[in-house]
Structure formats: C-alpha cells, structure tokens
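Note: hydrogens, waters and symmetry copies are ignored here, and every other heavy atom, side chains too, is used.
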Amino acid sequence: MAGFLSVLRRLYLTIYNWVVFIGWSQVLFLAVKTLKESGHQHVYKAVEKPLFLAQTAAVLEILHGLVGLVRSPITATLPQIGSRLYVTWGILYSFPEIRTHFLVSSLVISWSITEIIRYSFFGTKEALGFAPSWLMWLRYSTFMLLYPSGISSEVGLIYLALSYIKKSEKYCLRMPNKWNFSFDYFYAAILVLGIYVPGSPHMYTYMLGQRKKALSKSKRE
C-alpha cells in the first residue's frame, strides 16, 4: 500500500509540475511575441488568461506542503505565493489603469522564466528520480537576477496602483455598516509595500542558503 501511494504521489506531482510548466511557457511565449510585435502596452492583454491560471495554480503548492506531499516549508512558500497572488489579482486584475506599464512586461518575464525553470526541475526530478546538474544549477542560480527584477516590478506596480486605489475606493468598507467594521484597501496596500522591505532581503538570503546547500550536495553526489 505504501509503495502504491508513493507511486501515486510521484505521478500526481509529475503531472502537476509539467502542466504548470506548460502554462508558464505559454505566458513567456506570448509576452515575448507581443513585445516584439506590438510593444509592452499590449503584453498584459496577451498573457492575462494563462497568467491567472498558472499563478493561481500555485495555491496547490501550499496544500502540498500542508499535507506532506513535498518537503518545502510553508513559511517559505506562503509569502512568495501570497505576494504573487496579491499582485496578480489584487493589483493587475483590479486596476486596469496600470496594465499598460512596462513593469508588467518585466514582471511577467521574470516570473515566467523563474517558474519554467523551477517546474521543469521538479517535474524532471519527480519523473526520473533526479535532475541533470545543469538544470539544478539553473534552478538555484537564475533567481539571483530574476528575483530582484521580479520583486522590483511587484513593488513598482503596487506603488503605481496606489493613486487608483485611493481614488476608486475599491474593496473599501466604510462605517456605518452591519459589521461595525471599516477597511481601507489603500492603507492595506501600503502595509503590503512595507512588508516587502524586510521580507524581500529575508527571502533572498534564504534562497542563497538553499542554493549553497543544494549545489554542495550535488557536488558530493
């Protein structure tokens, strides 16, 4: 029974990783194609549907960690996925005014290259039981450039959205109401920006540590 469950787990994770890999590959292809043919103003419209599907599918990774399908700590997975979902749905989806900014292109390209490498690495590892050394190197090295560009784009887009958040009052809850509670999305967005300040260096340092550990282990093997 344990052996069957192990095979089932590997099969599920292999399919999951490669399906999401295909999704991010589509995002990158459409982004680059649109940049070349139409310019950065049209990138969001071209990638919107596959971007939402691929990024939202990452919610399953939190579930994978909670039920023990993968060994990735929730403390590392949750902030990264949470911030990306916030930018995807809470910013890009909610405020069309910023969708034509060039930061959308840098965001989408940074995210998609990172995820294509990551999901191909884990998909290969689940399917074969190992990953080639070159793919492992890419998995644990490319983030050194792509993480700063992605984070900078996220922060930039949240900042650009602030004026539209304040003007529209979207997602705000004003008193009086039956819950006797008020919520201002503008200040929530500022709070999120504030979390990026200590959070980004912490995550980057964590990933550097993971890189050192993974590549050292690879050399020993």
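Within a 6.0 Å sphere centred on NZ of Lys170, heavy atoms belonging to other residues, nucleotides or ligands number more than 12. Atom OH of Tyr187 is surrounded by 12 or fewer heavy atoms from other residues, nucleotides or ligands within 6.0 Å. The number of heavy atoms from other shown groups lying within 6.0 Å of CG (Asn180) does not exceed 12.
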Would Phe143 and Thr114 satisfy side-chain contact (heavy atoms from CB on, under 4.5 Å), going step by step from the backbone distance to the final call?
CA-CA 7 Å; Phe143 79 87; Thr114 298; 5.6 Å; no
Could you walk me through whether Leu78 and Gln80 satisfy the side-chain contact (heavy atoms from CB on, under 4.5 Å) test, starting with their C-alpha distance in whole Å, then the side-chain angles of each, then the deciding distance to 0.1 Å, before giving a yes or no?
CA-CA 6 Å; Leu78 188 59; Gln80 185 174 7; over 6 Å; no
side-chain hydrogen bond (donor to acceptor under 3.5 Å, both in side chains) assessment of Thr56 paired with Trp89:
CA-CA 9 Å; Thr56 305; Trp89 291 101; 3.0 Å; yes
Where do Phe121 and Met136 land on the side-chain contact (heavy atoms from CB on, under 4.5 Å) test, with the steps shown first?
CA-CA 7 Å; Phe121 170 77; Met136 177 174 284; 3.9 Å; yes
Quick one: do Ser149 and Ser106 satisfy side-chain hydrogen bond (donor to acceptor under 3.5 Å, both in side chains)? Show the steps, please.
CA-CA 7 Å; Ser149 63; Ser106 62; over 6 Å; no
Using side-chain contact (heavy atoms from CB on, under 4.5 Å), reason through Leu13 and Phe122 one step at a time and then give a plain yes or no.
CA-CA 8 Å; Leu13 289 175; Phe122 286 116; over 6 Å; no
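Phe130 is not listed as a side-chain neighbour of Lys125, based on a closest heavy-atom distance of 4.5 Å or more. Side-chain contact check for Ser182 versus Leu173: every heavy-atom pair is 4.5 Å or farther apart. The shortest side-chain heavy-atom distance between Met203 and Ile151 does not fall under the 4.5 Å cut-off. Within the 4.5 Å cutoff, side-chain heavy atoms of Ile98 are placed close to those of Leu92. Contact of the His40 side chain with the Thr100 side chain is not registered, since no non-hydrogen atoms from C-beta on lie closer than 4.5 Å.
Checked by atom type and distance alone, the side chain of Arg10 pairs as donor or acceptor with a backbone atom of Glu126 at under 3.5 Å. Ser216 places no side-chain N or O within 3.5 Å of a backbone atom of Lys213 that could act as its donor or acceptor partner. Using a distance-only test at 3.5 Å, with no hydrogens or angles considered, a donor-acceptor pair links the side chain of Tyr16 to the main chain of Ala57. Between the Arg211 side chain and the Tyr140 main chain, a donor and an acceptor come within less than 3.5 Å of each other.
The pair Asp184-Arg174 counts as a salt bridge, with a side-chain nitrogen and a carboxylate oxygen less than 4.0 angstrom apart. Taking 4.0 Å as the cut-off between side-chain N and carboxylate O, Glu115 and Arg84 count as a salt-bridged pair.
Here the CG atom belonging to Leu51 is positioned 12.0 Å from the CG atom belonging to Leu28, to the nearest 0.5 angstrom. Within the model, atoms OG1 of Thr142 and CZ of Arg118 stand 11.0 Å from one another, a figure rounded to the nearest 0.5 Å. One distance of note links CD1 of Ile62 with CG of Leu85; it measures 7.0 Å at 0.5 Å rounding. Atom-to-atom distance recorded for Trp18:CH2 and Thr124:OG1 is 4.0 Å, nearest 0.5 angstrom. In this structure, His64 NE2 and Tyr12 OH are separated by 2.5 Å, a value rounded to the nearest 0.5 Å. We find the CD1-CG distance between Ile113 and Leu138 to be 11.0 Å, quoted to the nearest 0.5 Å.
Residue pairs meeting the side-chain hydrogen bond (donor to acceptor under 3.5 Å, both in side chains) criterion with at least one partner in residues 191-205, sequence neighbours excluded, are Glu154-Tyr196. Residue pairs meeting the salt bridge (charged side-chain N to carboxylate O under 4.0 Å, His left out) criterion with at least one partner in residues 188-202, sequence neighbours excluded, are absent.
Here the closest heavy-atom approach between residue Ala46 and residue Leu30 is recorded as O-CD1, 3.4 Å. Shown here for Gly90 and Tyr185, the closest heavy-atom pair between the two residues is O-OH, 2.9 Å. Nearest heavy-atom pair, Ile165 versus Ala189, reported as atom, atom and distance to 0.1 Å: CD1-CB, 3.9 Å. Residues Ala161 and Ile91 approach most closely at CB-CG2, 3.9 Å, considering heavy atoms. Nearest heavy atoms, Ala31 versus Val43: O-CG2, 4.0 Å. Heavy-atom minimum distance, Gly123 versus Thr14: O-CG2, 4.1 Å.
Both Ile190 and Phe183 are assigned to one and the same hydrophobic cluster, defined by single-linkage of ILVMFWY side chains at heavy-atom distances under 4.5 Å. Transitive grouping of hydrophobic side chains (ILVMFWY, heavy atoms separated by less than 4.5 Å) brings Val20 and Val67 into a common cluster. Ile22 and Leu53 fall into different hydrophobic clusters, where Ile, Leu, Val, Met, Phe, Trp and Tyr side chains are chained together by heavy-atom contacts under 4.5 Å. Clustering ILVMFWY residues whenever any of their side-chain heavy atoms sit less than 4.5 angstrom apart, transitively, puts Val108 in a cluster other than the one holding Leu145. Both Ile109 and Met144 are part of a single hydrophobic cluster, where members link through side-chain heavy atoms under 4.5 Å apart.
Checked against salt bridge (charged side-chain N to carboxylate O under 4.0 Å, His left out), Lys33 has the following partners two or more places apart in sequence or in another chain: Glu37. With sequence neighbours left out, the ring pair (Phe, Tyr, Trp, His ring centres under 6.0 Å) criterion links Phe95 to no other residue. Among residues two or more places apart in sequence or in another chain, the side chain to side chain contact (heavy atoms under 4.5 Å, CB included) test is passed with Glu48 by Tyr44, Phe52, Arg99.
Side-chain atoms of Tyr171 and Ser94 form a donor-acceptor pair, as typed in the model, at a separation below 3.5 Å.
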Let me check something: any side-chain donor-acceptor pairs from residues 68-77 under 3.5 Å, sequence neighbours excluded? List them with distances.
| unit_1 | atom_1 | unit_2 | atom_2 | d |
| --- | --- | --- | --- | --- |
| Thr77 | OG1 | Pro73 | O | 3.1 |

